[in-house]
Every structure is written in C-alpha cells, then in structure tokens.
Amino acid sequence: MSTVLITGGAGYIGSHVVKELPRQGYQPIVYDNLQTGHRKSVRNALFIEGDLADSEKLRKTFRSYSIDAIMHFAADCLVGESVENPLKYFKNNVKNSIQLLETMDEFDIKKFIFSSSAAVYGEPKEIPIPEDHLCSPTNPYGETKLIFEKVLQAYLEAGKLNYVSLRYFNAAGADPAGELGEDHAPETHLIPVGIKAVLTGDSIPIFGTDYDTPDGTCIRDYIHVTDLARAHILALKRLEGGGNSGIYNLGNGNGYSVRQVIETIRKVTNRKVTTIESPRRPGDPERLVASSEKIKKELGWTPKYAALETIVETAWQWHRNHPNGYGE
Ligand code: UDP
C-alpha cells in the first residue's frame, strides 16, 4: 500500500482528499500546523502537527515513514490578505514549498501533487479558460501559485520529480456523507456565507451588480469538493503508472452568477434570503469558467456532483448540522 503525505490535510479540501485516499487503497499521513485546519477533520489518517517551515520536523517525518508521494495543500489562500501582506504569501507558498521539495529530494520522493488555482490566469481573455491560456495573475496569491508551478516545471526538467498541478476553480459543497465540511474563520466564500446568513437571519452582500454579465453579478465555476478530491487520486495514479507530469484545470465548465447562487441557496434551504447590493470587491475577475476537457480526456475524471443544487444541498446539510463548524 502506498503512503501519501498530505500537507494541509486538516484543511477544507485536504480533509476531503484524506477521506478518499484509504477507500482507494492508500495510506494517508497528514502534516498540518492547525493554523486554519481542524484536528477533528482528520479521522482516518495518522496526524502530525507540524509547520511547513519546520524542515527538521519534515525530515523526522520522512525518516519515520516510508512516503511514496506528497500532496501539497498547505498554503495561505486569501486573495485580499495576499494584497495586504504579500511577504507572508511569498514566504509560505513559495519559500516553504521550495524547502519541502528540498527535503523530498533528500529522501528521494519523486511524486508530487500540487494545489494550484484559477487565480494564476488573472482576468481571462477567453471563456471557458483552457490550460494554455495566458497566465497573468492580478494578486500576490495567484502570483505565488504561478511561481511555484514554474519551480515545479524547472525541477521536472532537471529530472528531480514528476508532478501534477491542479488549478482549482471555486471549490464548494461538503462531504455527501456529512462528516466533513467547510469551516473557515473568517468565512469569505459565497456559498457558506450565504448559508450562514440563512441560519442566522443576516443578509448576504452581493459584491458588484454592474459587471458586464446577464444579471450584473460575477460568474464563477463551482466544483464539488469531493469531485475535486477524486481528481487528486486520479492524478496520483497517473504518476504511479509512469504517466507524464501536467497541469489541469478543475471546474465543472458551467458558470453561475452570484445572484443565481443565492437563488439556489433560497431554493435548497426553502428559507428567505436577504441580500444587500454592495460595491465590487477589489481584485474580483468578472468571469471565471474552466475548460476541464483536458483532465476528463487525460485522467478520465468526471464530476459526480456537478449540479449546483447538489453542491449547495451538501453544504446546507453540513452547516445545518454543524452551525459551529468543527467546534474547535
Ligand atoms: N461574493 C459575494 N458576496 C459574498 C462573498 C462572495 O457577492 O459574501 C461574490 C464574490 O465577489 C465573487 C463570487 O461571489 O464574485 C465568488 O466569491 P468567493 O469568495 O466564493 O470565491 P472566489 O471566486 O473569490 O475564489
């Protein structure tokens, strides 16, 4: 059985991948500093509390367990914060990630799955966005993801490793079995913000109503977190089978406006949703919709929970049953 180290495995996306790995015959080991992750979200894996910057602890981990592959989720991922505090982002997402590669090299670990982002594209010139679209990030967060992709490509060309980089669009929803879900503090993402507003009676801000879209609000491509999780395992299988390294978009290929998402929340929860039309949020591109044809064709990925209603339904189930998230 292959052993996979998951950095950031106690986070939202990482924890869903960790749940999926044993089902497909892998042994997961989570390495997470619990700064934003939740200990309770790791149920079926060995857990090591550690920081990416702590190479000694990483070394100790690599010495103690025979690790076959790394899935690297640990990162800072708030666009607004990256604008205010860029060095934090370059340090954690680039410097500490390079340090992880160095430590992997010492232990001759050669398979790497990277959490990248649609933020590498910036303002798209073409919709749906293919992987060979121009990358021109509009914020430091996207810049750090793009730089690290370049590091990986150079490292591949130097014969040091094989990698798959997955460029996520809008991860949303929760484990359909109800065990895992989204618990960020503060929460900034549209679907959980909307659902929490329904539960508390607060209103939801709509950031920008004057975009050049049919209803004036931003369009995004929402992908279910479990579908995202399954893609990581397909990526790993490809590397294990000797397949080529590569970069793949991960989205549903359907765009929904902020108003359409809020309408879906209203339908699914069957409750009143109050909205406040608010100014645009700085740095928000007007439309982000993925072409996911490449991952479908090359890795055989297909989304199982593609419908926006299903995505919102699973998120609603999680938040209703866990109004305080993991309660930590
Ligand atoms: N959004 C909104 N109100 C909120 C949170 C988000 O109108 O309270 C909008 C946001 O401006 C963007 C879309 O919803 O157009 C998706 O935002 P989210 O933060 O969920 O993901 P992002 O696309 O920024 O990664």
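First listed ligand is number 1; within each ligand, the first listed atom is number 1.
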Requested in this report: Give me the ring orientation class for His72 and Phe148: parallel if the planes are under 30° apart, tilted from 30 to 60°, perpendicular past 60°.
Outcome: perpendicular

Query raised in the report: Relative to the heavy atoms of Val258, which atoms of ligand 1 are at a distance of less than 4.0 Å?
Result: 7 (O), 9 (C), 13 (C), 14 (O), 15 (O)

Query - For Asn170, the ligand 1 atoms whose distance to one of its heavy atoms is below 4.0 Å - result: 16 (C), 21 (O), 22 (P), 23 (O), 25 (O)

Query raised in the report: Taking it one step at a time, do Tyr12 and His16 satisfy ring pair (Phe, Tyr, Trp, His ring centres under 6.0 Å)?
Result: CA-CA 7 Å; Tyr12 171 47; His16 284 78; 5.5 Å; yes

Query - Side-chain H-bond candidate by donor/acceptor type, His189 with Glu182, under 3.5 Å - result: yes

Report summary line: min-distance protein heavy atom vs atom 1 (N) of ligand 1 -> Phe207 CD1, 3.6 Å

Query raised in the report: Is it the side chain, the backbone, both or neither of Arg220 that has a heavy atom closer than 4.0 Å to ligand 1?
Result: side chain

Requested in this report: Applying side chain to side chain donor-acceptor pair (under 3.5 Å), name anything that partners Asp51, two or more places apart in sequence or on another chain.
Outcome: Asn33

Requested in this report: Output yes when Arg59 and Glu106 qualify as a salt bridge under the 4.0 Å nitrogen-oxygen rule, no when they do not.
Outcome: yes

Requested in this report: Looking only at protein heavy atoms, identify the closest one to atom 5 (C) of ligand 1 and say how far it is in Å.
Outcome: Thr188 O, 3.4 Å

Requested in this report: Run the numbers for me: atoms of ligand 1, each under 4.0 Å from some heavy atom of Asp284, listed by number.
Outcome: 10 (C), 11 (O), 12 (C), 15 (O)

Query raised in the report: Between Glu56 and Arg63, is there a side-chain N and carboxylate O pair less than 4.0 Å apart?
Result: yes

Query raised in the report: What is the nearest protein non-hydrogen atom to atom 20 (O) of ligand 1, stated with its residue, atom name and distance?
Result: Leu190 N, 2.8 Å

Report summary line: heavy-atom search around atom 19 (O) of ligand 1 in the protein gives Arg281 NH2, 3.0 Å

Query raised in the report: Parallel under 30°, tilted from 30 to 60°, perpendicular over 60°: which one fits the rings of Tyr305 and His224?
Result: tilted

Report task. State which residues pass side chain to side chain donor-acceptor pair (under 3.5 Å) with Ser64; sequence neighbours excluded, sorted by chain then number. Result -> none

**Report entry** Numbered atoms and elements of ligand 1 in range of Val193, under 4.0 angstrom, heavy atoms
**Finding:** 8 (O)

Query raised in the report: Considering only the protein, which heavy-atom contact is closest to atom 15 (O) of ligand 1, and what is its distance?
Result: Cys218 CB, 3.0 Å

Query raised in the report: Taking the inter-plane angle between the rings of Phe169 and Tyr121 on a 0 to 90° scale, is it parallel (under 30°), tilted (30 to 60°) or perpendicular (over 60°)?
Result: tilted

Query raised in the report: What protein heavy atom is closest to atom 16 (C) of ligand 1, reported as residue, atom name and distance in Å?
Result: Tyr222 OH, 3.6 Å

Query raised in the report: Does any N or O atom in Ile206 lie less than 3.5 angstrom from one in ligand 1, N or O only?
Result: no

Query raised in the report: Please state which protein non-hydrogen atom is closest to atom 3 (N) of ligand 1 and give its distance, to 0.1 Å?
Result: Pro205 O, 2.7 Å

